[in-house]
Amino acid sequence: MSHDLSKYLLLVFILPSLLACKKLYEPAVITAGNNYLVVDGFINTGINGVTTVNLSRARNISDSTFDVLPESNGNISIESSTGASYHLQQVSDGKYESSPLSLNSNETYRLNVTAANGTQYQSAWVIAKKNASH
Amino acid sequence: MFGASMFLFLNVIAQDTTRISGDFKSTGFQEFVTAIENQSKYRFYFDNSETDSIAIIGVFNNELLSKVLEEVLKNTALKFSIDRDRVFITRNYSIQTELPTDFFTKKATNNDSAIATSKVAVLRVSDQKATNSIENKLIEIGSNQNHVTGKATIAGYIRDAKNGEAIAGASVYILKPSIVANTDQFGYFSLTIPKGRYEILVSSVGMKDTKRQVMLYSDGKLDVDMQNFIATLKGVVVTSDRRSNVKGLQMGLEKLNIRQIKQIPVVFGETDILKVVLTLPGVTSVGEASNGFNVRGGSTDQNLILFNDATIYNPSHLFGFFSAFNSEMIKGIELYKSAIPVKYGGRLSSVLDVAVRDGNIKKWTGSGGIGPLTSKFSIEGPIKKDKTSLIFGSRTTYSNWLLRSIPKTAYSNSKANFYDLNLHISHILNPKNTVYLTGYFSNDQFNLNSDTTYRYSNRNFSLKWKHIFNNKFNNVVTAVSDHYDYAVSSIQNPVNAYKLGFDINQFNLRSDFSYIPGHKHNISFGFNSIFYKLHPGFYEPLGERSLVTKNVVAAEQGLESALYLGDEYAFSTKFSINAGLRYSMFNFLGAHDIYKYAPGVPRNKNTIIDTTAYDGGKFIKTYHAPEVRVSFRYALSANASLKLSFNTLQQYIHMLSNTTAISPTDIWKLSDPNIKPQQGRQFSLGYYQTFKSNTIETSIEAYYKQTNHFLDYKSGASLILNKHIETEVMNTRGKAYGVELLIKKLSGKFNGWISYTYSRTLLKIDDAIASELVNKGNYYPANFDKPHNLNFISNYRFSHRLSISANFVYSTGRPITLPLAVFNIGGAPSLYYSERNEYRIPDYLRADLSVTLEGNHKVKQKIHNSWSAGVYNLTGRQNAYSVYFTQENAKIRGYQFSVFGTIIPFITYNFKF
């Protein structure tokens, strides 16, 4: 029956329009300069272990994914539960290293970070993972 | 009406002493009469067609009726006469209520019998104007007994006089005392009232109110044919729908008949039931080309979609462009959102009951429609007049031209086809037995650039037998076979040609009893049993040269059974309760292998500690639970009521999907030893009020809902062909709450509704052994959480032939998890994401307009035509359907995709013969 009806299609008029479309989606929240501080590294509790931490800034997703933005002139220290503090020295742009330390793996530690703009950050206390090969 | 009648009255001494009071401000005549009848013993007899054009204005204080009527009818051609407590309104001539003094002496012999039997009025009416006279003819029911005391039950069918179609949801009632019965889906009612003389009133939306004069001696049968309601230009006011939200006990129920549905403009001009359902309060969807819908914060698989009791697993064509129901086959829909009737179960959120029309039992007719993308045709008629009727409908598409017009060559070789076929036969075996056979078949095929073929199909058969034991007791037995399958195949490269798919089969047997012992009780009970057989997934080579390795996920079997008992009890006319208990049980059946996982640790392939193989038919796991359904109604006044309901539900079948809409990659899964049934409970509270003689209905409903064991998926879950799905899912706990406001006007030149819904749907991981916690284990918005929804649906009828419809739809955009920034860790770039569903896509806003022009209404005409033209998405707004991110030249770009991102004009031609 529908085949008989289809000749009536001539009566039918519709603008041949391209119905679907796509456009750029850029809400304020993703273009707002999301330069979160990225702290990349681990506390080395091995014997004479050197702790290396990289500080960098995240960037908007519309920026190139390869251009790393290192955070220089920051200040990083490791704090132990007994109150000891170990400073990390900036060795290159965004890269900070401790001197060789032999941290007590029975204590808990946290990281204090001050960004170049003076904002302070602090990690949670963490227990050293034993037998970890870093 | 009383034209050629002769009236004989006993005791012809008129006593007009009752006093009448009232303040009438442009009151219609019927209303005026009701007001007088309510304060006196007077009963009016008149022809509506002669009185509906007068409006009554005046204040009367303790006046004699004769004075009042004199005043009221002063400037009209109407006359009145009062005979004891009977008042006759006639045109031009008044009725002589007194006989000539010598009357009895002349004709005494002829009147002996009348004097003997009649204690009431003896009214002889000519049959020249059939409808009017039948309304006034006294119908004697049962055997004439001397003592007219106690109660009796009248039962029967309410049908459309034109085509014999059963009218569901019609009200059959008497006013004094106020007792109402409603017809069931077969148009059957049972009304128990004290014996005696009554005016039985019958009303239904879209039909002309009618009445029968009945002298009830004992139990008996009363079938009533109703006339189509044809709106006259004078404007007739529908004064009473006893099933309105205020009067009915049911809450959270949305009812629409096909007339209302057809008025609403939809894309491409094809009447679409599911698109209309989406405009109702509390119903949302994730996007416009998705036919799955979300009710009060439930997921799409928590809706039970019934097509004459057959379960439809995929209610859409062409991936959601069109709904799978042919509007020519449909009588109407009912959507239960909160108080789900005790006879239904198995899904947590809602029941969408799509009722199929019975074919015309009087004569053969047909109808059809031609639109830009689809055509439909239906034919109906009596196989045997007044006994057996048939209706057959089919629909198909020719949307390939649209796909070809898409400039991108990637789609230009695409093809899309669908069709659906419906057949419904009803057969009246005898007055006590009726059988109904319904068949439904739909098929969709979609070729994406002639490489990959997607195909899915629904196949359903149902057989119903309604048996009436007696006026108070009846039974419906239903047997249903449902099938749904889905497959993707590719043959482009013969070496890896494949077919991937799944299917669902279920066999359902149910028996529903209805027992109405008196006007205070309405008892329903019965059982329901569903046998499931699912093939969750197969992947197999296609053609002889294919080297694809066959991979089949073992079939699943289950048995879902339930017993139920419910009673609707009226303590008084003000207070009534509907209480029901449903006990449901689910058995996961063999043959199947069941994995046992190490306790207390996240499930994955490596934590399987044991596998048990069960034989066929073995009961592997049984779940069972009681389900409570209670609702209360308290009438605050004749026009306002308050309702409260609580219900609990169980769901034993789950849809697994990585997407939020019902899409081709969904699969279905039964509860098993590792996947618990979903549980839900809901409280709701509502206030209902009608205004302007019940022509405007308003309601406000609030709800709070909780669900347990709702399945959410781990990030990167792989569901297709997965033999241990339980390792990919997590149990969540959900809560949903909201308020729904509705203002509805369903009669008059201007009609439509406005609905506003505020709702939230939140989920929280509630799984002791989950390997990851979404949003740190706190509540997060569900994918379909859309807080604000506003719908405005309107229709204005300029004349019989011309009407205009307009829609306005607004909703908050749905939630999305956004990548916020790129960062480097260990030298490699990564994306930093927001919390799950922390942000939203842009708000949705759309306006549509359509004009319907009907051909002339000459009754003798062979073909009746109508044209509909309109514009979908009037403002051309590019509403986002989805948002996605893609990497382009080492940068990440977000795009929003709009399905209907432009103004879409359409024109459709419909015909009837």
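Proteins get letters first, then strands, A, B, ... in listed order; numbering begins at 1 in each.
Here the CG-CD distance, from A/Leu24 to B/Gln896, works out to 9.5 Å after rounding to the nearest 0.5 Å. Here CD1 of A/Ile30 is found 10.0 Å from CZ of B/Arg893. Values are rounded to the nearest 0.5 Å.
Only the side chain of B/Leu831 comes within contact range of chain A, with at least one heavy atom under 4.5 Å from a heavy atom of that chain. Residue contact with chain A, scored on non-hydrogen atoms closer than 4.5 Å, is absent for B/Tyr419. Contacts of A/Val38 with chain B are made by side-chain atoms alone, with heavy-atom separations under 4.5 Å and no backbone atom involved.
Surrounding CG of B/Leu845 are more than 12 heavy atoms belonging to other residues, nucleotides or ligands, all under 6.0 Å away.
When all heavy atoms are compared, the tightest approach of A/Tyr25 to B/Ile841 is OH-CA, 4.1 Å. Here the shortest heavy-atom pairing between B/Asn824 and A/Arg59 reads OD1-NH2, 2.8 Å.
Counting heavy atoms from C-beta on, the side chains of B/Tyr832 and A/Tyr36 come closer than 4.5 Å.
Checking side-chain atoms of A/Asn34 against main-chain N and O of B/Leu820 turns up a donor-acceptor pair under 3.5 Å.
Applying the salt bridge (charged side-chain N to carboxylate O under 4.0 Å, His left out) test to pairs two or more places apart or on separate chains, none has a residue in residues 32-48 of chain A.
Interface remark: of the candidates B/Leu818, B/Ile379, B/Ile825, B/Ile825 forms the most heavy-atom pairs closer than 4.5 Å to chain A.
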